> 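Here it is: the structure, laid out below.
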Amino acid sequence: MIEIAVRDLVKEYELGQPVLNGLSFQVDTGERVGILGRNGAGKTTLFRILTGQERADSGDVIIAPGKRLGLISQIPVYPAGFTVEDVLRTAFDDLRAMEEEMEDLSHRLSGGDKDLLARYDRLQVAFETGGGYEMETRLEKICAGLGLDRAFRDKQFADLSGGEKTRVNLARLILVDTEILLLDEPTNHLDLNATVWLEEYVKTYKGTVLVISHDRYFLDKTISRVVELKDGKAAFYAGNYSFYAVEKERRYLEQLRQYKKEQAELQRLSDTVRAMHEHNTELLHKRAFSIEKRMARMQGTARPTQNKKLRAKFGQAEFHADDLLEIKDLDKSFGSQTLFGGVTLRVEDGDRIALLGDNGTGKSTLLKIILGEEPADGGSVRKGLTVKTGYLPQQVRFAHPELTLFDTMLQEANCTPQQARDRLGGFLFQGEDVFKTVSVLSGGEQSRLRLCILMDEKVNFLILDEPTNHLDLESREWIEEAVEDYQGTLLFVSHDRYFIDRFATRIWTLEGGKISDFKGDYAAYQAMRERQKTLTPPPKEEKKPKKEKPKRPGGTKQLKKDLAAAEKRMEKLDQLLSDLAAQKEEAGADYQKLQELMDQEAAYAAEYDQLMEQWEALSTAIQAEEGVS
């Protein structure tokens, strides 16, 4: 069944420069489709049109009747004072409304109105089908998977960072349980554990999924088909990202081979036509004109093109560093929160270290301490005298964003005007682009400009904090090629598992305020973590804190009397609950009677639980009294 149909979609923002230019494709029920293309190709525009946030200039979008779309990049505005918990629970607004109506109807059913009974029946089916009885279970499960603990859920939503809001909105969207899920860069603000959880969720999701992502590992795990947007139209690939990357290159080479073959044929035909005309006979002139028509059709074939790739490389010091970096007993806290303590590590020349850990554990802070940008609370960081460090921060900032790219290069890279032009061109800033102000650049463009400045510095210790963040797929591949060529020491923070897998030869993991040091690549690290899971025994249940001994007159004798009374009442409740189970079966379709029985059952169960706690406390108190005596 066709779930989404897009036909001849056209969208222009600038006259004569359509972003979408006759885009057509369809998505069937249950498909997992990756929407790929360069930055600016129209991917997010497409999603906004699908969800009705924007209107196309022409063309049609058809969504299967009754199907709901959920877009994760869209963060709604919530009322002032809303906590994260309040935002998450808006996902259940429809279910809560049903629940309230069912409760109202249950009080009005005593009159035996058949219409009310039928309405109650329909509501109960819809409530159960929509997961109404599992709301709390789903909420806790999804919050656990995305790392939204109780303290975080109590925070004001308005006070969160953009990344935190995105994470909360992702959780809310999953809770809404839409039939069509649109994910626009869903992993940008997720740490590795949350990303893995989301992968598993998407793989088991029963509906249809469309994904825009630059996370190649995530795409490989979650999609089975690619729709690539190029020049406003769609190209199709029947596989995941890895298949797409190989197949796209194969198609380009095949098109190039065919083009060269046609050019050779054109040259041969051109020589033939010239010779025919030179013979100057009517018959040969006619044949020559026929061949020229064929040539005109062939000349309409354009040479296949590939997007221009960045070719710059990191500048490297001509010497390696001795005694590169030694960290000893390092401590760092912010207020009452301890990030890490007692960290002792040594970096050797040629290491390629990935620093991993959940968001907020202190990875970027550790890098800043190493760089001398942040003071430590205790311990020491010592770098060798010959160490020359290059650093790409996670959040790129420029001291003078009002300057143009050209002026920024002159000021920060200390180069000539011609060198500034050449280097900017090497990073795909060409023509009038170099006279844009830095403030109008996207996050990816600002990262590219910072790299343009950084890459000419002669360094032997390169520190990268989320280097592929904000970069499109082609730019990620380029920076990987540049890192591949770099021969110095590398320390990087990344959630991009392709990047980690390709470069890490050593893994630092920041967990619980400590850093573990694993010497090996990412595949070996993952295997080690899996072995730890199987070898580590399940955590013991926490012992409940001993309740205070009840202070009652009469000592042990009174305690035993109270214990016997509790046991007697619990036996009675067991019998009552057993009788209710039988009565519920007899009630059948009598929903009013059934509701009364369920309410009574809930009351008995709550009383039983309370008595059980009382019984445990009394038993503990009796043992303590008898132990003393």
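Here the structure is a predicted model, which is why all the values come from computation and not from measurement.
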> Suppose we screen for side-chain contact (heavy atoms from CB on, under 4.5 Å). Which residues come up paired with D358, at least two apart in sequence or across chains?
D191, N193, T361

> What residues form a side-chain hydrogen bond (donor to acceptor under 3.5 Å, both in side chains) with S439, not counting sequence neighbours?
T437

> With heavy-atom distances below 4.5 Å as the criterion, would you say the side chains of T489 and L462 are in contact?
no

> Can the ring centres of H277 and F289 be said to be less than 6.0 Å apart?
yes

> Can you tell whether the side chains of R216 and E480 come within less than 4.0 Å, N to carboxylate O?
yes

> Is a donor from one side chain sitting under 3.5 angstrom from an acceptor on the other, for Y525 and T509?
yes

> As a quick check of understanding, evaluate side-chain contact (heavy atoms from CB on, under 4.5 Å) for I4 and I62, giving each step before the final call.
CA-CA 6 Å; I4 300 173; I62 301 169; over 6 Å; no

> Once rounded to the nearest 0.5 Å, what's the spacing between atom CG of L183 and atom CG of L71?
8.5 Å

> Just do the side-chain hydrogen bond (donor to acceptor under 3.5 Å, both in side chains) check on Y13 and T45 with the steps written out, would you?
CA-CA 10 Å; Y13 292 106; T45 296; 3.3 Å; yes

> Determine whether Q394 and V493 make a side-chain contact, defined as any pair of heavy atoms from C-beta on separated by less than 4.5 Å.
no

> Any side-chain donor-acceptor pair under 3.5 Å between T44 and D184?
yes

> Excluding sequence neighbours, so at least two apart, what forms side-chain hydrogen bond (donor to acceptor under 3.5 Å, both in side chains) with T208?
E3

> Take atom CG of D517 as the centre, draw a 6.0 Å sphere, and report whether it contains more than 12 heavy atoms from other residues, nucleotides or ligands.
yes

> Please determine whether the number of non-hydrogen atoms from other residues, nucleotides or ligands lying under 6.0 Å from atom NZ of K203 exceeds 12.
yes

> Run the side-chain hydrogen bond (donor to acceptor under 3.5 Å, both in side chains) test against T468 and tell me which residues pass, sequence neighbours left out.
D496

> Step by step, would you call Y244 with F236 a side-chain contact (heavy atoms from CB on, under 4.5 Å)?
CA-CA 9 Å; Y244 156 80; F236 305 102; over 6 Å; no

> Let me confirm one number: the CD1-CG distance from I174 to L146, rounded to the nearest 0.5 Å.
5.5 Å

> Output all residues satisfying salt bridge (Lys or Arg N to Asp or Glu O under 4.0 Å) with K260, sequence neighbours left out; order by chain, then residue number.
none

> The test is salt bridge (charged side-chain N to carboxylate O under 4.0 Å, His left out); show your working for R68 and E179 and say whether it passes.
CA-CA 5 Å; R68 297 174 297 168; E179 292 85 6; 3.3 Å; yes

> Applying salt bridge (Lys or Arg N to Asp or Glu O under 4.0 Å), name anything that partners E265, two or more places apart in sequence or on another chain.
R268, R294

> Measure up the Y201 and W197 rings against each other and bin them: parallel (under 30°), tilted (30 to 60°), perpendicular (over 60°).
parallel

> Tell me the salt bridge (charged side-chain N to carboxylate O under 4.0 Å, His left out) pairs involving residues 408-430, sequence neighbours left out?
E412-R450, R423-D456

> Any idea which heavy atoms bring T195 and F218 closest together, and the distance?
CG2-CD1, 4.3 Å

> Pair V6, L50 - check side-chain contact (heavy atoms from CB on, under 4.5 Å), show working.
CA-CA 9 Å; V6 174; L50 290 177; 4.1 Å; yes

> Between Q418 and T416, is there a side-chain donor-acceptor contact under 3.5 Å, judged purely by atom types and distance?
no

> Taking all atoms of both residues into account, what is the closest heavy-atom pair of L410 and A420, and its distance?
CD2-CB, 4.1 Å

> So does E402 have more than 12 non-hydrogen atoms from other groups sitting under 6.0 Å from CD?
yes

> Just verifying a value: how many Å separate E14 CD and E12 CD, rounded to the nearest 0.5 Å?
9.5 Å

> Test of understanding: with salt bridge (Lys or Arg N to Asp or Glu O under 4.0 Å), list the residues that count as partners of D220, not counting sequence neighbours.
none

> Ring centroid separation for F492 and W508, is it under 6.0 angstrom?
no

> Which heavy atom in G425 sits nearest to a heavy atom in Q430, and how many Å separate them?
O-NE2, 3.9 Å

> Out of curiosity, L36 CG to I212 CD1, how far, rounded to the nearest 0.5 Å?
9.0 Å

> If we ignore hydrogens and angles and just use 3.5 Å, is the side chain of K363 paired with the main-chain N or O of G357 as donor and acceptor?
yes

> For V227 versus A234, what's the shortest heavy-atom pair and its separation?
CG1-CB, 3.8 Å

> I35 and L229: side-chain contact (heavy atoms from CB on, under 4.5 Å), yes or no, with the steps?
CA-CA 7 Å; I35 307 295; L229 304 191; 4.2 Å; yes

> For a 4.5 angstrom cut-off between non-hydrogen side-chain atoms, does D215 reach R497?
yes

> Minimum heavy-atom separation for L324 and V387, please, with both atom names.
O-CG2, 3.4 Å

> By side-chain hydrogen bond (donor to acceptor under 3.5 Å, both in side chains), which residues pair with R7, not counting sequence neighbours?
none

> For A504, is there any backbone N or O sitting under 3.5 Å from a side-chain donor or acceptor partner on R506?
no

> Between R251 and E254, does the salt bridge (charged side-chain N to carboxylate O under 4.0 Å, His left out) criterion hold? Intermediate values first, please.
CA-CA 5 Å; R251 290 184 191 182; E254 176 60 27; over 6 Å; no

> Which value, rounded to the nearest 0.5 Å, describes the distance between Y205 atom OH and T222 atom OG1?
13.5 Å

> Under a 4.0 Å threshold between the charged nitrogen and the carboxylate oxygen, would R502 count as salt-bridged to E484?
yes

> How would you list all residue pairs meeting salt bridge (charged side-chain N to carboxylate O under 4.0 Å, His left out) that involve residues 46-64, not counting sequence neighbours?
K11-E54, R48-E54

> Donor-acceptor check, side chain of D501 to backbone of D521, threshold 3.5 angstrom: yes or no?
no

> Measure the CG-CG distance between D351 and L490 for me, rounded to the nearest 0.5 Å.
9.5 Å

> For E466, which residues count as a salt bridge (Lys or Arg N to Asp or Glu O under 4.0 Å) partner, sequence neighbours excluded?
none

> Ignoring hydrogens and geometry beyond distance, is a side-chain donor-acceptor pair present between Y498 and S242 at under 3.5 Å?
yes

> Tabulate below the donor-acceptor pairs under 3.5 Å that side-chain atoms of residues 15-27 make, not counting sequence neighbours, or state none.
{"unit_1": "S24", "atom_1": "OG", "unit_2": "D8", "atom_2": "N", "d": "2.8"}
{"unit_1": "S24", "atom_1": "OG", "unit_2": "D8", "atom_2": "OD1", "d": "3.4"}

> Mark yes or no for whether T404, through its side chain, and D407, through its backbone, hold a donor-acceptor pair below 3.5 Å.
yes

> Could you pull out the closest heavy-atom pair between F47 and V211, with the gap in Å?
CZ-N, 4.3 Å

> Taking the cut-offs as 6.0 angstrom to the six-membered ring centre and 45 degrees off its axis, would you call R448 and F429 a cation-pi pair?
yes

